[in-house]
Number of protein chains: 4
Amino acid sequence: MGKKETAARRLAIIHTARDLFAEKDYYKTKISDITNRLGISHGTFYNYFNNKSDVFTHIIKGYIKRLEEIFLKDNPRLSNNAIEFRNQLVRLTNELFDVFIEDQNMYDLLFFRAEVAGLEIKKEIKKLFKTAELFIEKYLAHGVNKKFLKSSIDASLNAKAIRGMTTVALEDLMENDAPLQLKERWIISLSNFIIDGLS
Amino acid sequence: MGKKETAARRLAIIHTARDLFAEKDYYKTKISDITNRLGISHGTFYNYFNNKSDVFTHIIKGYIKRLEEIFLKDNPRLSNNAIEFRNQLVRLTNELFDVFIEDQNMYDLLFFRAEVAGLEIKKEIKKLFKTAELFIEKYLAHGVNKKFLKSSIDASLNAKAIRGMTTVALEDLMENDAPLQLKERWIISLSNFIIDGLS
Amino acid sequence: MGKKETAARRLAIIHTARDLFAEKDYYKTKISDITNRLGISHGTFYNYFNNKSDVFTHIIKGYIKRLEEIFLKDNPRLSNNAIEFRNQLVRLTNELFDVFIEDQNMYDLLFFRAEVAGLEIKKEIKKLFKTAELFIEKYLAHGVNKKFLKSSIDASLNAKAIRGMTTVALEDLMENDAPLQLKERWIISLSNFIIDGLS
Amino acid sequence: MGKKETAARRLAIIHTARDLFAEKDYYKTKISDITNRLGISHGTFYNYFNNKSDVFTHIIKGYIKRLEEIFLKDNPRLSNNAIEFRNQLVRLTNELFDVFIEDQNMYDLLFFRAEVAGLEIKKEIKKLFKTAELFIEKYLAHGVNKKFLKSSIDASLNAKAIRGMTTVALEDLMENDAPLQLKERWIISLSNFIIDGLS
DNA sequence: CATGAATGAGGTTTCATTCAT
DNA sequence: AATGAATGAAACCTCATTCAT
């Protein structure tokens, strides 16, 4: 087996584990569930990961990294007026939603299943949420600065509120069979709500 | 042991279980953890509950019931204008926040720990969320009807969005050492956001 | 089951474990070997001991304590001449041999099986040997002082040598079917060797 | 790979295995520990040995052979008086000690680690000890015959006793950082003890 | 009702060994 | 010969639950 096949098998384990963790639960997912589904021996699992929590952590960390990239790529300072702000908002939520739609396990794993994982990984997820909130807050602050958002708003709490709205939108998309159409509705609804609410 | 003492011990088990499930996790909480903390034999537990998941379900169902009462008590038709709407909003969120502040375990158990419970109970929680969303939607529809909310709003999605905002507010309150002061800030911020966003 | 029966079962586990550890090996002895021989479930074992190494340590520590008592009871200063010294030597080796003859597992467990146990217990055994050697050395030093032993002897090395002779005697007794007769021969032989060699 | 390289690799495996068995334990030493230290694949191990216990047995048998040679080389009949006897004693213990000092793993492996080996190899070690004791006994018998040792001694037990003394001396040397100086002290001490005790 | 000893299903992990390349 | 992926027997340990006292 060459390097490529080895990497492929590692990936297969990751994907199967990810599916099962999302379907069941960290605890209810047995190593044998993963290996049975792959048609390999349970011992093989341990040639690729040290233990169960190892794969889990790997999956979650991958998700965290992917989301952080979105926040780092964007620049809150680009909009100069409400129209540009809306465009930025639309672009950003669209990208975020796409990431979650693409990997339907992401939402469950990140928001719920990680609960039972070790404290360390929970902290990292918490940090991710904080990052997202601070990111939104910068947007709002910039808007206030540029005068296209009201100066009276409570930027910190509103940032959190927006994070909450977005989370529910994600949940809604995940439960829907045709998420792409629903996505458009959510993007419009959210941007209207935010802009009319804050400007 | 009389009926009263029996009921009291049952309650004590529920409370201790509730605390531990919130502190640790359903899986990480052992029957012996509960009974040890109560200073009773672990065998005694089984005189009050059939098994571990039994107490857990009981706790979650209690929470569900308690929250449903809030929604059933209120009447979305009472407001005739934006000012009355705001008052109703303030009253409602205040009451909701109080319930969660009073029992600090509620948030964690309902939103995260319940994940590991059986499918049936998860469905009930999902239903609770739906109930809440429909309840909010009725509010919005009434407002549109009475013309103090814009007719262009997507009532269904906005109801979900508001549920998301509220959830994040709860999370924020739970993490705060002085939730009562923060509560006021959230109530104002939320009602401003909602009213300015939708009216 | 009362306290007495509980203690009895604990003792039964210790004895069976002790026998098996001596028969086989720490590693080759499985928890199920112990419980099968006792006709109990393997789970029961864990109601009495935390784990395998727990019983093992318990057994070894019991042995160490028992032997230390022998050394602490005796007083190296009692003899004033070679005859008294011989008597003391005879009494002491006799007592030591009896302890090992009484529990035939002691020798193997202490000298060989403990090898595979944790480092801590190995250190304790090493300490026991050092204690024994220092104890013998005091005897020799007292003898030199009282002039019934040669002043030219290397007390430290001779003490070790005597420990070695005694160990081999023990091994020989353990392998013999009629250890009591052989014991007398060893006691005479050892005391002659020591006294004629050092006085 | 030619015959020479093959033999060299086999030897390298033996040496590394020997070191690890002495450092840790038979059980605690994994095949991969051996191969990792050698920088080869663990599969390669099985081109040189059938299994784990195979190397172990090989090592122990090598030690046994080496020690037997010492006993076979010497002739107990060479001394005619106490002085010659002492010289022979000194020469012999010196040689024995040197063998063990040269390969510091030998003592541990032969006296303790071999415990976990199969019954067969344990019997061989026991036989080696018996050989050593019979060898010493012949010395003593010859001394009694030539009248430079007391006729009253219990040659059989004294031979064992001397084996025990020698073993402790070895142990002491192994634990010491400067074994060569200590060796001289032990040789003097042992020969004095033996000669004065038995003659 | 209370107790706590006993049970055993069930899970995780290790590692010697095999074997196709 | 060398490699290292795959295998699976085998062991440890947990803990919910039962039940006799």
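Below, chain A is the first sequence line, B the second, and so on; all start at residue 1.
Rounded to whole angstrom, the span from the CG atom of B:Asp54 across to the C1' atom of F:dA16 amounts to 13 Å. We find that CG of D:Asn36 is positioned 11 Å from P of F:dG4, with the value rounded to whole Å. Distance OH (D:Tyr48) to P (F:dT3): 9 Å, rounded to an integer number of Å. B:Tyr46 places its OH atom 14 Å from the C1' atom of E:dA6, with the value rounded to the nearest Å. Rounded to an integer number of Å, the gap from C:Ile34 CD1 to F:dC13 C1' is 14 Å. Counting to the nearest Å, the C1' atom of E:dG4 and the CZ atom of C:Arg9 are 13 Å from each other. The NZ-P distance, from C:Lys52 to F:dC13, rounds to 8 Å in whole Å. At whole-Å resolution of the value, NZ in B:Lys30 and P in F:dC13 are 14 Å apart.
Of the residues near DNA chain F, C:Ile31 and B:Lys28, the one whose nearest nucleotide (by heavy atom distance) lies more toward the 5' end is C:Ile31. Along DNA chain E, the nucleotide nearest to C:Gly43 and the one nearest to B:Ala7 differ in position, and the one closer to the 5' end is contacted by B:Ala7. In terms of position along DNA chain F, the nucleotide closest to D:Ile40 lies nearer the 5' end than the nucleotide closest to the other residue of the pair A:Asn47 and D:Ile40.
Between C:Ser32 and F:dA11, a side-chain N or O to OP1/OP2 separation shorter than 4.0 Å is absent. Contact between the side-chain N/O atoms of C:Thr44 and the OP1/OP2 oxygens of E:dT7 is found at a separation under 4.0 Å. Between C:Arg10 and E:dA5 there is no side-chain N or O to OP1 or OP2 distance below 4.0 Å.
Judged by Watson-Crick or G-U wobble contacts below 3.5 Å, the nucleotide E:dG4 has F:dC19 as its partner.
Separation of the B:Phe129 and B:Phe111 ring centroids falls under the 6.0 Å cut-off.
Donor-acceptor pairing under 3.5 Å is recorded for the side chains of C:Tyr63 and C:Asp103.
At a cut-off of 3.5 angstrom, counting only N and O atoms as typed in the model, there is no donor on one side facing an acceptor on the other between the side-chain of C:His42 and the base of F:dC12.
Of the charged side-chain nitrogens involved, at least one lies within less than 4.0 Å of a carboxylate oxygen, so that B:Glu102 and B:Arg66 count as a salt-bridged pair.
In this structure, OG1 on A:Thr16 lies 10.0 Å from CD on A:Glu23, to the nearest 0.5 angstrom. Atom CG of A:Leu20 and atom CZ of A:Arg37 lie 4.0 Å apart (nearest 0.5 Å).
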